[in-house]
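Hydrogens, waters and symmetry mates are skipped; everything else that's a heavy atom, side chains included, is used. All values derive from a computational prediction rather than experimental measurement.
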Amino acid sequence: MSNVGIFRPNEKPAGEPLAPLETNSNRLELLAPAKNADFGIEAIRHGADAVYIGGPSFGARATAGNSVEDIARLCTFAHQYRAQVFVAVNTILMDDELEAAQTLIWQLYEAGADALIVQDMGVLQLDLPPIALHASTQMDNRSPEKVAFLEQVGFSQVVLARELGLSQIREVAAKTNMQIEFFIHGALCVAYSGLCNLSHSFSNRSANRGECSQLCRLPADLKTRQGEVLAQNEHLLSLKDNNQTDNLEDLIDAGVRSFKIEGRLKDLSYVKNVTAHYRQALDKIIAKRPEFSASSHGRCEHTFTPDPEKTFNRGKTDYFVHERNQGMNDFRSPKYIGEEVAVVKRIGKDFIEVTSENSFNNGDGLCFFPSNYAEAKQSDDKLKGLRVNRAEGLKLFVLRMPKELKEGMIIYRNHNQAFESVLAKESAKRIIGVDITLADSDDGVALTMTDIYGHSATQTLVCQKTAATDVEKALKGLRKQLGKLGSTDFNAQKINIETAQAWFIPTSVLNGLRRDTVAALELARVNDYQRPKAWKYNQDAVYPVKHLSYLGNVANDKAKAFYQRHGVIEIQDTYEKNGVTEDVPLMVTKHCLRFNFNLCPKEVPNIKADPMVLEIGKDVLKLVFDCQKCEMMVVGENRQVPNSVKI
């Protein structure tokens, strides 16, 4: 029978104690989305060093809320691996919501959350627990001066605007000791985050309140001011998806330490696949550059080969990381087109034969663009789909034969049934290396397990020592039984038998000792976990500008008082609260339709940046171009916005 004799939970485990997590280090953090606690747990299993999740309210994805109890469950799981849980409390708050927000924040802290992701500065004026604060990308974090201010008032991590290039990231990193977080994968919002009121203007659903209607993904017509049609029924504000796979090392060298995957509304296969993909990519960098390490514990083993092309994406772009280019958008469709997999060779009554080097499976989802694209453009549904009912090699029987399908057309696969089937099962686990030592104790033997991070636990077994008759066989048996860690998170690296001689220990007793030592080591690891340093407020910091328009998103009196305390003189109410109607920007974006249609004054001589017209259904918007800033503004007429900001 084993006893907890040496390790005590309140004592520090043997080995070098682990310090609290610090920012601006050489630890690299892979940050994955968690639609719910179960998704977050799988993200950690597949390699995430941290996950971000929404609470029951006040998160920028209103439909991805979770109970405090579920967040507590996620925290308990994450902290076993020194992974962290960030909770998004990143909507703007109205005055009558502040008390509820404060109560929720305390509940999240007590549940074990490691940090809050915040947009509304009114939060900093609440009675907050000692928790870390992260500056949401909804704050529009682009300039070194603003980022430096955020550090001064207590933030420890900042989510930079997606539009920044490597040189701009370097400039920011040079001015802050905060950990820099940057989006590396997933959907791209066409506007600067926090600078879009298009959804609220047309549907009363505020993006700053987690309810974006994604009006930007709808088809539109583009015309010159004189009425010339440049594009018709195209998805002109819909971008491809972000994919920074090829730029990870450049981003590291620029100062990024947290690599964020978008997707709190995505399905579980996306989370598993994309997290595993970037885990493996970062691990390759860490392997060749030993000055870096992962910020959580454990090596991930995956049962599949990750491929982000096989789960939802709108095509890929690295956006502005290497400055502006023409490959950021696909105006044809905002849907998941998938991989190009085949060309139609022959069409039968209920089947197609294709030319392809790929294999197909029952249940695959395929799609194509009609050959008469001019006619298809009159429809909102330009992308046509078909489902494989039965695959016989390259002969694919389909449930319904689209009339638009013709021989010679390119076929894309946007649902890979075989790949999805693998991901539907257990597809990853985390492994932590341990050294195991069996030694003599005063009244029996002691088993010690020490993991590669310095945690150690020892269990003793009171037993009568009887020498084994076959020493070699006994030692082999001891090592075999002590190394049976398959159902745990641990993997035996070294097994040392340091007893005076090989003792005979019944297998069942030895297995019990091993299980108890594993449990003690797990407890040691949990007890050693320390949350990141709490925020510390500096009320003497000076905000870098003196005037805030409605784009500053100040929605409550506490936020207004915060900015006034830090030197801001004039503050307008946020768009959601202002009732004046004038022509003002509803969206500010670095995406430029003049550039896309080769009408950029910086690229083409003798062209002026005249306004253009964007028609989305019956709604007419004006496009205004600020060529000095390389920005486009989408302007709405007679919308509820401040009258002091005009175009």
Side-chain angles (χ1 to χ4, degrees), residues 33 35 52 54 59-65 88 90-92 119 136-138 140 161-163 183 185-222 231 233-243 260-267 270 311-317 319 328-338 367 379-383 414 551 553 575-576 585-593 596 614-621 623 632-636 639-641:
K35 182 178 184 179
Y52 62 103
R61 294 290 185 272
T63 57
N90 60 339
T91 61
I92 57 173
Q119 175 185 189
S136 171
T137 190
Q138 291 293 119
D140 185 32
R162 294 169 172 89
E163 291 80 5
F183 279 95
H185 196 91
L188 286 167
C189 179
V190 67
Y192 289 113
S193 292
L195 302 189
C196 183
N197 293 293
L198 198 63
S199 173
H200 189 267
S201 175
F202 284 90
S203 65
N204 205 36
R205 292 170 57 184
S206 169
N208 286 311
R209 306 263 295 159
E211 299 174 337
C212 181
S213 62
Q214 295 196 342
L215 190 69
C216 54
R217 298 291 184 187
L218 297 180
D221 297 342
L222 179 65
N233 208 43
E234 302 273 21
H235 299 268
L236 299 169
L237 297 179
S238 181
L239 301 177
K240 291 181 180 178
D241 282 4
N242 190 14
N243 186 320
K260 187 171 192 173
I261 300 167
E262 181 277 337
R264 281 201 287 134
L265 299 180
K266 298 286 180 31
D267 61 24
Y270 170 94
T311 43
F312 186 93
N313 68 87
R314 299 179 177 91
K316 63 182 180 180
T317 173
Y319 211 26
M328 298 179 184
N329 47 266
D330 185 344
F331 293 155
R332 296 177 299 173
S333 175
K335 297 180 180 179
Y336 175 30
I337 298 171
C367 60
S379 167
D380 287 351
D381 189 17
K382 296 182 285 292
L383 187 66
N414 54 14
L551 293 175
N553 294 323
Y575 181 91
E576 288 82 355
L586 296 176
M587 174 194 290
V588 184
T589 173
K590 201 169 181 178
H591 170 58
C592 180
L593 289 173
N596 292 133
L614 189 71
E615 297 178 353
I616 302 177
K618 296 180 180 179
D619 294 303
V620 179
L621 297 163
L623 302 180
M632 181 176 77
M633 287 163 284
V634 181
V635 180
R639 299 293 170 186
Q640 294 185 358
V641 286

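Figure legend: K260 and Y52 shown as a cation-pi pair, the cationic atom lying under 6.0 angstrom from the six-membered ring centre and within 45 degrees of its axis.
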*Check the pair L188, F183 against side chain to side chain contact (heavy atoms under 4.5 Å, CB included), reporting the backbone distance first and the verdict last.*
CA-CA 9 Å; L188 286 167; F183 279 95; 6.0 Å; no

| query | Step by step, would you call D241 with R314 a salt bridge (charged side-chain N to carboxylate O under 4.0 Å, His left out)? | reply | CA-CA 5 Å; D241 282 4; R314 299 179 177 91; 3.1 Å; yes

One pair to check against side chain to side chain contact (heavy atoms under 4.5 Å, CB included): L237 and L614. What are the steps and the verdict?
CA-CA 10 Å; L237 297 179; L614 189 71; 3.8 Å; yes

Worksheet entry | Test ring-ring contact (aromatic ring centres under 6.0 Å, His included) applied to F312 and Y336, step by step | CA-CA 6 Å; F312 186 93; Y336 175 30; 5.5 Å; yes

Start with the C-alpha gap between H185 and N242, add the side-chain angles, then the distance that decides, and say whether side chain to side chain contact (heavy atoms under 4.5 Å, CB included) holds. CA-CA 5 Å; H185 196 91; N242 190 14; 5.6 Å; no

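The nearest pair of heavy atoms linking R205 to C212 is NH2-O, 3.5 Å. Minimum interatomic distance between E262 and Y270 (heavy atoms only, all atoms of both residues): O-OH, 2.7 Å. Of all heavy-atom pairs spanning I92 and R209, the tightest one is O-NH1, 2.9 Å. Contact between A88 and R264 at its shortest, heavy atoms only, is CB-NH2, 3.9 Å. Scanning both residues, L586 and G636, for their nearest heavy atoms gives CD1-CA, 3.6 Å. Taking both residues in full, the closest heavy atoms of C367 and N414 are given as SG-ND2, 3.5 Å, listed atom of the first, atom of the second, then distance.
Counting only heavy atoms from C-beta outward, the side chains of I616 and F202 never approach each other to under 4.5 Å. Taking the side chain as every heavy atom from C-beta outward, N553 and Q119 approach each other to under 4.5 Å. In this structure the side chain of L623 reaches within 4.5 angstrom of the side chain of V634, judged on heavy atoms. Looking only at side-chain heavy atoms (C-beta outward), N208 and N197 come within less than 4.5 Å of each other. Side-chain contact between R332 and I337 is present, with heavy atoms from C-beta onward closer than 4.5 Å. Using a 4.5 Å cut-off on side-chain heavy atoms (C-beta onward), R162 and S193 make contact. For the pair N90 and T137, the minimum side-chain heavy-atom distance is 4.5 Å or more. Side-chain contact between S199 and L215 is absent, with no heavy-atom pair separated by less than 4.5 Å.
In this structure, CG on N596 lies 11.0 Å from CD on E234, to the nearest 0.5 angstrom. In this structure, the separation between CD on E163 and CG on D140 is 8.0 Å, given to the nearest 0.5 Å. Between the NZ atom in K35 and the NZ atom in K266 there is a gap of 11.0 Å [rounded to 0.5 Å]. Distance check, rounded to the nearest 0.5 Å: SG of C216 to CG of L236 gives 11.5 Å. To the nearest 0.5 angstrom, E615 atom CD is 9.5 Å from L621 atom CG. Atom CE of residue M587 and atom SG of residue C196 lie 3.5 Å apart, to the nearest 0.5 angstrom.
In this structure, N313 has no side-chain hydrogen bond (donor to acceptor under 3.5 Å, both in side chains) partners at least two apart in sequence or on a different chain.
Taking the six-membered ring where the residue is Trp, F331 and H591 present perpendicular rings, their angle passing 60° and hence far from 30°.
At distances below 3.5 Å, at least one donor-acceptor pair connects side-chain atoms of T589 with backbone N or O atoms of V190.
R217 and S238 form a side-chain donor-acceptor contact under 3.5 Å, judged by distance and modelled atom types alone.
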